[in-house]
Protein chains: 2
Amino acid sequence: MVPFHRVFCNMQTLTVKPYAQPPERPATLADVAREAGVSVATVSRVLNSKLAVPITPETEQRIRDAAERLMYRPNAIARALATRRTYTAALFTQEMTDPHFAQMLGPVEDELRKRGYRLAVCTDAEGLLSEGRVDGAILLADPTNEAQGFGRLPIPTVFVWSARVPLPNCVTWDDVAGAALAVGHLAAHGHRAIVGLFGDYPDDGTTPDKVAGYRAAISAVPGSAGPIEWRGQLSSDQFENGFLLTRQALEAGREWTAIFARNDFLALGALRALRHAGIKVPDEVSIVGYNDTVIARIADPAMSSVLTPIAEAGALAAASLVDAIERRSHAVSGITLPVRLTERKSCAAPAHRG
Amino acid sequence: MVPFHRVFCNMQTLTVKPYAQPPERPATLADVAREAGVSVATVSRVLNSKLAVPITPETEQRIRDAAERLMYRPNAIARALATRRTYTAALFTQEMTDPHFAQMLGPVEDELRKRGYRLAVCTDAEGLLSEGRVDGAILLADPTNEAQGFGRLPIPTVFVWSARVPLPNCVTWDDVAGAALAVGHLAAHGHRAIVGLFGDYPDDGTTPDKVAGYRAAISAVPGSAGPIEWRGQLSSDQFENGFLLTRQALEAGREWTAIFARNDFLALGALRALRHAGIKVPDEVSIVGYNDTVIARIADPAMSSVLTPIAEAGALAAASLVDAIERRSHAVSGITLPVRLTERKSCAAPAHRG
DNA sequence: CTGAAAGCGCTAACAG
DNA sequence: CTGTTAGCGCTTTCAG
């Protein structure tokens, strides 16, 4: 038997053309049936390519013609009510305009489309809580945070988030390892006094993991100067905050040679402050950012940055979500993807200073 | 009478809490009715705060309790089928990850939510073509481009796009004027040889307008050196292309003193190339970008950029769309918003050269 | 090979 | 104040 989503796609294909003239009242299946002189059941069958039940080629043609003539377009809502399937998956995130998030949008949509599903991006949980709107959801949220109430959604769900260990129903990567990777990279270049630029951050985001990874890695480098953490909010804008924090630190003297920032905006702010102070990157100070966004790529010098596998994670999440939906199961096994480091021009050996 | 969307919101509020335990089969209105010992009509009425028809406080309480007990959540699909209203509006765009687009997302969503509507972002027209999914749509597309087939959608629709004159069902700004504004700004600083950095672009985007505006403005400045247009694609990446084009032009000699780019990515590429060539911005060359995205803000020096009113346009579009939906009319009057210029640090008087 | 009919879960007259 | 009853447009047994 043809899987339903194929059928669905076929139907879409059949009917996807825009109206020549928007009709007063959209044609319904019943209209087509009347026009073709058959029953709605038959119309439904041919328009859905439900050819398991064979149909006389001649009636089939009559029906297709009628549909065409009436500019029939299926009503997605009615169909969804009858089938209990919307063939759309939700992608929930609070950060729709974040460049990090942007990296996963394309892959998720592709993967979904490939399987006959549509994507609905939503920023409020309401869309997920009322019944029937979507068949499943990808959540950019912390699966261990009970407070969000995402744990008990009535639809299959897969999280995409950072975690130290594989979690069920979650595609993860390890930000602790990511931060450590950055520090390790800097250490390998010979840096011993590496600041952690964290700015201000909530307790429930991904930053605590990065802080932890930073600390652990710092204490693991031989001859390390120990953690040097820059915190605080001098501006509500990340870029600005990175700039201000760095400038402030610079005024207090400089006994560090490298900066690891928890995201690329902060890193770019630091880069800017350094340049304005006449300090050369990477000759005098090295920097590594986080998330490997467009910001890192277009910085000058282009910044090395920790690449979280959010794009692959999204694709994987989409694939497993559809799989869960079609298996009628809420369970999808967790998987952890490795983080990497994209090397660019912002790291070098520390300068010898007198 | 309470407007329906308020009612809708109330209902959402009532039922928004997540399941303690996701039920085997979600409770329906009928379940609640049975549990409370009343009819579905009554349940529907109280859960929708349809208190135009008064209801005994006691039965009301019985119903609310029953709903609570059964963890009832309305089925959005069934409701939509019955009311022929989904209370969601679509935002169609091809450029979901573009920073220019990002500027309108928040305002659109806010405006919609304020009116009791939900936002569905979509990149494929299919979502708009199948009946019933959304009540209306905001289209980031050229309303004069018939080929896209958006002209004849069965739902109320408002475009957001650049146009020289107000168009019906469209919130516009004028990119011709925007480009002219940039050129005028540069000219006011004393520049006479102003290049237009256009790179490569399709015939059907907004760029042709910018080119036209650039040319018109150039020819209007007294003593102008005439248009100097940089075209071509040295890289598929805009930033890279701006860089490469500028570097190439630099090698051929420099008899211009300012650059106007059709977007901030291109402008940043030019800025980079200039710096790498040791040319100071704005001391030796001035630059103005377009769209006033985050890119312009975080450039060094921060770049002046033409600000298109896409955020206000989005908000306005959302407001008029909802209005059209509730008026059951497809007509919304067009409006043109002014473009402005955000001044930063990338413009100055041209250097005197020997 | 085709049709009749029973829903999907909810809303909205219309009676009482 | 509350219940009955048609639908909304489509899918899907189950008969024929």
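By convention in this document, chain letters (A, B, ...) are assigned in the order of the sequence lines, proteins followed by strands, and residues within each chain are numbered from 1. Computed from a prediction, not measured in an experiment: that's the story for all the values here.
Rounding to whole angstrom units, CZ of residue Arg85(A) and C1' of dT12(D) are separated by 15 Å. If you measure from atom CG of Leu70(A) to atom C1' of dG9(D), you get 15 Å, rounded to the nearest angstrom. Between Ile77(B) atom CD1 and dT11(D) atom P the separation is 14 Å, expressed in whole Å. At whole-Å resolution of the value, CG in Leu81(B) and C1' in dA12(C) are 14 Å apart. We find that CG of Leu29(A) is positioned 14 Å from C1' of dG3(C), with the value rounded to whole Å. A straight line from CZ of Arg84(B) to P of dC10(C) spans 18 Å, rounded to a whole angstrom. Whole-Å rounding puts the Ile63(B) CD1 to dT2(D) P distance at 7 Å. When rounded to the nearest whole Å, the span between CZ of Arg79(A) and C1' of dC8(D) equals 16 Å.
Nearest to the side-chain atoms of Ala41(A) among the listed nucleotides dT2(C), dT11(D), dT12(D) stands dT12(D).
A salt bridge does not link Asp65(B) with Arg69(B): none of the charged nitrogens is closer than 4.0 Å to a carboxylate oxygen. A salt bridge between Arg115(B) and Glu111(B) is present, with a side-chain N of the basic residue lying under 4.0 Å from a carboxylate O of the acidic one.
If you find the closest nucleotide of DNA chain D to Ala78(B) and to Gly37(B), the one lying nearer the 5' end belongs to Gly37(B). Between Asn75(A) and Thr56(B), it is Thr56(B) whose nearest contact on DNA chain D lies nearer the 5' terminus. Nucleotides of DNA chain C nearest to Val40(A) and Pro57(A) differ in position, and the one nearer the 5' end is that of Pro57(A).
Between Ser39(A) and dG3(C) there is a side-chain polar atom (N or O) within less than 4.0 angstrom of OP1 or OP2. Between Thr83(B) and dT11(C) there is no side-chain N or O to OP1 or OP2 distance below 4.0 Å. Remark: Thr59(A) is in phosphate contact with dT2(C), judged by side-chain N or O atoms under 4.0 Å from OP1 or OP2.
In the interface, the side chain of Arg45(A) is paired with the base of dG3(C) through a donor and an acceptor atom under 3.5 Å apart. Counting atom types as modelled, Arg73(A) pairs no side-chain N or O with a base atom of dG9(D) as donor and acceptor under 3.5 Å.
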Please walk me through it: do Leu47(B) and Tyr72(B) pass side-chain contact (heavy atoms from CB on, under 4.5 Å)? CA-CA 10 Å; Leu47(B) 262 25; Tyr72(B) 171 74; 3.8 Å; yes

Test Leu139(B) against Leu153(B) for side-chain contact (heavy atoms from CB on, under 4.5 Å), laying out the working first. CA-CA 11 Å; Leu139(B) 308 170; Leu153(B) 247 27; 4.2 Å; yes

Could you check Asp142(A) against Phe150(A) for side-chain contact (heavy atoms from CB on, under 4.5 Å), going step by step and ending with a plain yes or no? CA-CA 9 Å; Asp142(A) 185 352; Phe150(A) 285 147; over 6 Å; no

